[in-house]
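The block underneath contains the structure these notes are about, expressed in structure tokens.
First listed ligand is number 1; within each ligand, the first listed atom is number 1.
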Amino acid sequence: MTDSIAERLAEIRAQIPDSVRLVAVTKTVSAEAIRIAYAAGVRDFGENRIPEAIEKQQQLSDLSDITWHLIGHVQSNKAIKAVQHFQWIHSVDSLKLAQRLDRLAQESDCQPQVCLQVKILSDPNKYGWTVSELLEDLAELDQCRHIQIKGLMTIPPLGLNESETISVFEQTRQLADKIQQQGWSHLQMQELSMGMSGDYPLAVQAGATMIRPGQIIFGARTTQTR
Ligand SMILES: *Cc1c(COP(=O)(O)O)cnc(C)c1O
């Protein structure tokens with residue numbers, strides 16, 4: 001297993017430019033397996049459940065240069081922990097949540113970097129803004145000065161073919177470009193968090209700056225946590 005995690009990481013790295021940040025998704029993965037990935041050079045880890053993440057952060061507290069990324073939906077009663085325990089939150093999926101995180105970030109003296117989760121195609125199973133909803137909320141999002149809005153995150157709906165998947169990623173990039181060109185005073189759009197085990201090469205082709213593979217590094221999850 002030790003070799004295979006390092007080997008799989010090497011295979012992924014060989015396929016992506018150095019500028020793309022590899023966020024290894026470790027939901028359901030043990031702290032020991034995270035140590036193996038760390039030894040292979042990974043410093044960015046993604047978790048979708050806050051209690052599970054905090055437990056692993058405690059077990060791994062000796063690895064002080066890890067950057068922790070939250071990639072799962074944040075319930076409002078967990079928002080304070082999200083702000084205090086993660087440097088990145090990819091799954092900011094509503095204006096209400098953004099404003100709550102912003103207030104808590106100020107109170108906690110934290111400045112988490114965040115991505116806004118957007119649904120390019122309608123998908124009742126996923127959280128996030130539709131494109132038109134997001135465009136309407138930008139002025140208020142730009143007022144959030146304690147969270148650092150850095151870009152967009154997307155998860156394509158299940159069951160798309162390759163060209164449909166590429167299209168979702170490209171539309172996400174185009175949306176980020178459009179927002180960037182609007183010249184907001186605080187919010188920025190240079191980051192694109194997109195691409196998981198099954199589709200990260202397509203995401204990188206479309207301009208992803210952060211990919212979030214999990215199973216392709218650590219092996220198939222037995223429990224479904226999406
Ligand atoms: C689980 C998950 C991933 C990783 O998925 P894999 O299939 O393991 O690559 C990436 N992003 C989000 C938001 C996830 O929930």
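- Here E32 pairs with S30 under the side chain to side chain contact (heavy atoms under 4.5 Å, CB included) rule; sequence neighbours left out.
- With a 4.0 Å cut-off on non-hydrogen atoms, V25 touches ligand 1 through its side chain and not its backbone.
- Within the model, atoms OG1 of T26 and CZ of F218 stand 6.0 Å from one another, a figure rounded to the nearest 0.5 Å.
- Ligand 1 has a nitrogen or oxygen under 3.5 angstrom from a nitrogen or oxygen of G214.
- The closest side-chain heavy-atom distance from N125 to P157 is not below 4.5 Å.
- Residue I71 holds the heavy atom nearest to atom 12 (C) of ligand 1 of all those in I217, V29, I71.
- Looking at M196, Q117, M194, it is M196 that brings a heavy atom closest to atom 5 (O) of ligand 1.
- Atoms CD1 and CG, on I149 and L141 in that order, are 4.5 Å from each other to the nearest 0.5 Å.
- Ligand 1 has P213 within reach: a non-hydrogen atom of the residue lies less than 4.0 Å from it.
- The atoms of ligand 1 that sit less than 4.0 Å from any heavy atom of I155 are 13 (C).
- Residue contacts with ligand 1, taken as heavy atom pairs separated by less than 4.0 Å, do not involve I216 at all.
- Looking at heavy atoms from C-beta onward, D62 lies in side-chain contact with R35 at the 4.5 angstrom threshold.
- When the options G195, G72, S91, S197 are ranked by their closest heavy atom to atom 9 (O) of ligand 1, first place goes to S197.
- Only side-chain heavy atoms of R221 come within less than 4.0 Å of ligand 1; its backbone N, CA, C and O stay farther off.
- Using cut-offs of 30° and 60° for the angle between ring planes, the F45 and W68 rings count as tilted.
- Below 3.5 Å of separation, one finds an N or O of R212 facing an N or O of ligand 1.
- The environment of CD in Q182 is crowded: more than 12 heavy-atom neighbours from other residues, nucleotides or ligands sit within 6.0 Å.
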